[in-house]
Amino acid sequence: MTFNPLHNPFPSARNVHYARKGMVATSQPLAAQTGLEILKRGGNAIDAAIATAACLTVVEPTSNGIGGDAFALVWTDGKLHGLNASGRSPEGISIEKVKALGHETMPVHGFVPVTVPGAPGGWAELCKRFGKLSLSECLAPAAAYAREGFPVSPALGKYWDIAFRFYVKHRYNPAFAPWFDTFAPKGRAPEIGEMWSSAAHAETLEEIGETYAECFYRGWMAADIEAFSACHGGFLTINDMESYAPEWEDPISVNYRGYDIWEMPPNGQGIVALMALGILNGLPTTQHNQIEALKLAFVQGMANVTDKERMKFTVKDLLDEDYLSLLRDKIKGDAQTPAVTPPAPSGTVYLAAADGEGNMVSFIQSNYMGFGSGMVVPGTGIALQNRGADFSLYKSHPNALAGGKKTYHTIIPGFITRGARAVGPFGVMGGYMQPQGHVQVVTNLIDKHLNPQAALDVKRWQWTEGKHILVESGFPDDEIITLSAAGHEIVKTSEVGGFGRGQIILRDPKTGVLAGGTESRTDGHIASW
C-alpha cells in the first residue's frame, strides 16, 4: 500500500483539512488565522510563517516569546533550506563563575541561564532571503493583537495559571517584578476568555519590523537587555547581542522506507529522531522496537550533541549505517536499559505553513520551560529564554558550559520529501518528547498509512528513563499488556501536556492539494483557503 496524504482509511477524532491555495497549522487559532491573512495579502508561506511566529509570542506567551530561539526548514524552488536561529551563551560566562555563585548545576530561572535570543534575527533573515512582504507587514498583525488585546484561549489559560502559581514564590524578587507587571498585571494569571494586552510588546514588535531586528541586536533593546542583566547577576552583554547572526545550514536526513526524513543538524536534537528511524529501518515497526530504538538514539545523542563546532563525533559518524546497525543489534525481545556506545572515530510552539506556489515551511520557536527564565526586560514585553539551563557544569561533558557556545537544543522542525518532491512539514513540540513525537508521527504516516490528523490523534508514549514509559490515557490496553510482558514499566497518565503538540501539512504531488492535521491536545487550529 502506497502512502498517500489524501487517503483516509482510518477515522480520526477530528477531520483532516484540505485546501489548495494555502494552509497554516499551529497551536493557537488567532495565530493560524494571522498567517492566512498574510497569504491572502499576497505573502508567501515564508511570510505567513514569520507572521504566525510573531503572533504566537503574543497569543501564546506561555510557550515562546520575542526573547527566544527558532529553527526553520524552508522548501522553495525545489530545495530544502535550514535556518538555525539559536543563540550562544554569553562570552563572559564560565563553569567557574557559575559555581562561584553557589550553583552545582545550571539554574533554570534568573539571568544565569539566559542566552542570546535568536528568534527576531531569524524572522528578519527569513524575510530578507525568501519573503515577498516587508518584515513590518509580517509583524503588524501580531502588534495589533498585543496593543488591542485578545481573549485567552482554554489551553493557554490553563498553562498561564500553572506558570503564575510557580512564579508566586518570586513575587518579591525585583528581578521577577517585570514578569508580574507584564503577565499578571491584576495580581493573577488572566482567566480563560479574559482579554489580555501589552502595549510595550506591540511597540517592540513594530520597531523590530521597521529595523529588520537591528534595534534588537545593535540598538536600544540590546542596551536595555544588558542593563537589566547587569542589575540582576547576568552575564549577557551588548557585545554578545551585537555579534549574533542566524546561520543557514544544510539539513540532515535518513531514508525511511522510501521517504527522506529531514531535521536540522546539531546543536539541535533532530539527529536523535533520525538515528531512531535509521535503526528502525531494519526492523518491524512494533511499539517495542520504536521505544528501544528511541532509547538507544537518545542515549547516544545526549552523550554527543552540543554546538556542532565542538562535537567529538560528526553527523556522518552518528548516522553511519554500520553504526546504526551496531545499535540495531542491541534491540532484543525484552526492554533494555541502554548505555552509551561511541561511534567509530571518523514549553515551545510549532507551526507549518504552505502556499499555492509550492513553498512550505516547518518552523519552531521557544523560550523553553514555559515562560523561559522569568526575566522580562522592563517596558518591552521581551521575555528571555533559559536555554543555558541545558549546559552541564562538568568540564568533561560534551555539552559543558563555555562562553560563546550553543547548547544542546530541544526544538526541532521536521520535513518529509520523496525523490525530488516535497511531501511536507511536520513537528511535535515539547522538550525531550520532540524526537519521540517525530518518530511516532512519521511511523504513523508511513507505516500505518494514516492521514495527517489521524497520525497526530494516535495515543502517544514517552520514554523518561531506564525502562520507565509514560502512556496517555486511552492508550490501547492490548499494547500495554504486550509492552509490560516485554519488561517495560508502563505508567498511564491523564496529563496530556507531556506528550507533545504537533502539526502536519502534506502536499499531493499530482494535484497540489494540501492535507493538514492539527493538535487535539491543545488549542490547535488550521486556517486554509
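Just so you know, these numbers use all the heavy atoms, side chains as well, and skip hydrogens, waters and symmetry mates. Residue numbers start at 1 and run along the sequence shown. Please read these numbers as outputs of a predicted model, since none were measured by experiment.
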Note to self: Contact between Thr26 and Phe363 at the side-chain level, heavy atoms closer than 4.5 Å - yes or no?
What the structure shows: no
Note to self: Could you check whether any side-chain N or O of Thr57 sits under 3.5 Å from a backbone N or O of Asn64, counting only pairs where one atom can act as donor and the other as acceptor?
What the structure shows: no
Next item on the list: Can you label the angle between the His109 ring and the Tyr167 ring as parallel, tilted or perpendicular, going by 30° and 60°?
Entry: perpendicular
Margin query: Nearest 0.5 angstrom please: Ile411 CD1 to Asp69 CG, how far?
Written below: 6.0 Å
Next item on the list: Test Trp123 against Leu205 for side-chain contact (heavy atoms from CB on, under 4.5 Å), laying out the working first.
Entry: CA-CA 11 Å; Trp123 303 340; Leu205 285 172; 3.9 Å; yes
Checklist line | Ring center gap for Phe71 and Trp262 short of 6.0 angstrom | finding: no
Next item on the list: Verify, without hydrogens or angle tests, whether Gln434 (side chain) and Thr410 (backbone) share a donor-acceptor contact under 3.5 angstrom.
Entry: yes
Check: Considering the options Phe164, Phe176, Phe371, which one meets the ring pair (Phe, Tyr, Trp, His ring centres under 6.0 Å) requirement together with His170?
Finding: Phe176
Checklist line | Leu39 side, atom CG; Lys21 side, atom NZ - distance, nearest 0.5 Å | finding: 11.5 Å
Next item on the list: Would you check if Lys186 and Glu191 make a side-chain contact, meaning some heavy-atom pair closer than 4.5 Å?
Entry: no
Notebook entry, point to check: Taking atom types as modelled and ignoring hydrogens, do the side chains of Tyr350 and Ser362 form a donor-acceptor contact shorter than 3.5 angstrom?
Noted result: yes
Checklist line | Heavy-atom pair of closest approach, residues Pro185 and Trp196 | finding: CD-NE1, 4.3 Å
Next item on the list: For Glu472 and Arg460, indicate whether the former's side chain and the latter's backbone hold a donor-acceptor pair under 3.5 Å.
Entry: yes
Notebook entry, point to check: Are any of the side-chain heavy atoms of Leu514 and Met360 separated by less than 4.5 Å?
Noted result: yes
Margin query: Quick test of your reading of the model: are Glu194 and Arg188 salt-bridged, counting only N-O distances below 4.0 Å?
Written below: yes
Next item on the list: Please check if the side chain of Asn367 supplies one atom and the backbone of Gly65 the other of a donor-acceptor pair under 3.5 Å.
Entry: yes
Next item on the list: Give a yes or no on this: more than 12 heavy atoms of other residues, nucleotides or ligands lie within 6.0 Å of atom CG of Asp181.
Entry: yes
Check: Just by distance, do the side chain of Tyr244 and the backbone of Tyr217 share a donor-acceptor pair under 3.5 Å?
Finding: no
Item checked: Glu214/Lys128 salt bridge by N-O under 4.0 Å criterion -> no
Check: Going by heavy atoms in the side chains, are Val305 and Gln269 under 4.5 Å from each other?
Finding: no
Notebook entry, point to check: Would you find more than 12 non-hydrogen atoms of other residues, nucleotides or ligands less than 6.0 Å from Arg171 atom CZ?
Noted result: yes
Note to self: Show, in sequence, the C-alpha distance, side-chain angles and deciding distance for Glu210 and Ile208, and conclude whether the side-chain contact (heavy atoms from CB on, under 4.5 Å) test is met.
What the structure shows: CA-CA 6 Å; Glu210 291 167 3; Ile208 288 173; over 6 Å; no
Checklist line | Rounded distance [0.5 Å steps], CD in Glu247 versus NZ in Lys308 | finding: 6.0 Å
Note to self: Between Ser366 and Gln385, is the side-chain hydrogen bond (donor to acceptor under 3.5 Å, both in side chains) condition met? List the steps.
What the structure shows: CA-CA 8 Å; Ser366 175; Gln385 64 185 10; over 6 Å; no
Notebook entry, point to check: Do you know which two heavy atoms are closest between Asn359 and Ala45, and how far apart they sit?
Noted result: O-CB, 3.6 Å
Check: Can you tell me if Asp161 uses its side chain to pair, donor with acceptor, with the backbone of Lys158 under 3.5 Å?
Finding: no
Margin query: Within the 3.5 Å criterion, strictly below it, is a donor on Thr306 or Asn399 matched to an acceptor on the partner's side chain?
Written below: yes
Check: Should the pair Trp75 and Phe415 be assigned to parallel (<30°), tilted (30 to 60°) or perpendicular (>60°) ring geometry?
Finding: parallel
Notebook entry, point to check: Hey, does Glu125 have a side-chain heavy atom less than 4.5 Å from the side chain of Trp248?
Noted result: yes
Checklist line | Contact check, side chains of Val98 and Phe391, non-hydrogen atoms, under 4.5 Å | finding: no
Next item on the list: Sequence neighbours left out, what passes side-chain hydrogen bond (donor to acceptor under 3.5 Å, both in side chains) with Asp523? Give chain and number order.
Entry: Ser153
Note to self: Please evaluate residues Gln453 and Asp457 with respect to the criterion side-chain hydrogen bond (donor to acceptor under 3.5 Å, both in side chains), reporting the C-alpha separation (whole Å), side-chain torsions for both, the decisive distance (0.1 Å), and the verdict.
What the structure shows: CA-CA 6 Å; Gln453 189 60 58; Asp457 289 338; 3.1 Å; yes
Item checked: Nearest atoms (heavy-atom pairs only) where Gln28 meets His525 -> C-CB, 4.4 Å
Check: So Asp390 and Tyr432, side-chain hydrogen bond (donor to acceptor under 3.5 Å, both in side chains) or not? Walk me through it.
Finding: CA-CA 11 Å; Asp390 274 347; Tyr432 295 96; 3.1 Å; yes
Margin query: Is it the case that the side chain of Ser89 and the backbone of Ala402 share a donor-acceptor pair, with hydrogens and angles ignored and the cut-off at 3.5 Å?
Written below: yes
Next item on the list: Specify whether Phe111 and Phe228 have parallel, tilted or perpendicular ring planes, treating 30° as the upper limit for parallel and 60° as the lower limit for perpendicular.
Entry: perpendicular
Checklist line | N/O donor-acceptor pair under 3.5 Å between Arg501 side chain and Ser27 backbone | finding: no
Next item on the list: To the nearest 0.5 angstrom, please state how far the CZ atom of Arg41 sits from the NZ atom of Lys132.
Entry: 14.5 Å
Check: Nearest 0.5 Å, what's the NE2-CG distance between His409 and Asn84?
Finding: 7.5 Å
Check: Side-chain contact, heavy-atom cut-off 4.5 Å: Asn267 with Ser86?
Finding: yes
Next item on the list: Walk me through it: do Thr115 and Thr407 pass the test side-chain contact (heavy atoms from CB on, under 4.5 Å)?
Entry: CA-CA 9 Å; Thr115 53; Thr407 185; 5.6 Å; no
Item checked: Flag, side chain of Glu226 to backbone of Ala222, donor-acceptor distance under 3.5 Å -> no
Check: If you round to the nearest 0.5 Å, how far is CG of Asp355 from CD of Glu357?
Finding: 5.0 Å
Check: Does Thr34 use its side chain to pair, donor to acceptor, with the backbone of Leu30 at less than 3.5 Å?
Finding: yes
Note to self: Could you report the tightest heavy-atom contact between Cys127 and Ser134, atom names first, then the distance?
What the structure shows: SG-C, 3.7 Å
Check: Of Lys406, Arg387, Lys405, Arg88, which meets salt bridge (charged side-chain N to carboxylate O under 4.0 Å, His left out) against Asp307?
Finding: Arg88
Note to self: Quick one, Met221 with Val377, criterion side-chain contact (heavy atoms from CB on, under 4.5 Å). Give me CA distance, side-chain angles, the key distance, then yes/no.
What the structure shows: CA-CA 9 Å; Met221 293 181 196; Val377 184; over 6 Å; no
Next item on the list: Dump the intermediate steps for side-chain hydrogen bond (donor to acceptor under 3.5 Å, both in side chains) on His81 and Thr76, then the final yes or no.
Entry: CA-CA 8 Å; His81 306 264; Thr76 185; over 6 Å; no
Check: Closest heavy-atom contact between Ala273 and Glu263?
Finding: CB-OE2, 3.7 Å
Next item on the list: List the atom of Ser63, the atom of Val349, and the distance in Å for their closest heavy-atom pair.
Entry: CB-CG1, 3.6 Å
Checklist line | Asn386 side chain near Met369 side chain, heavy-atom distance below 4.5 Å | finding: yes
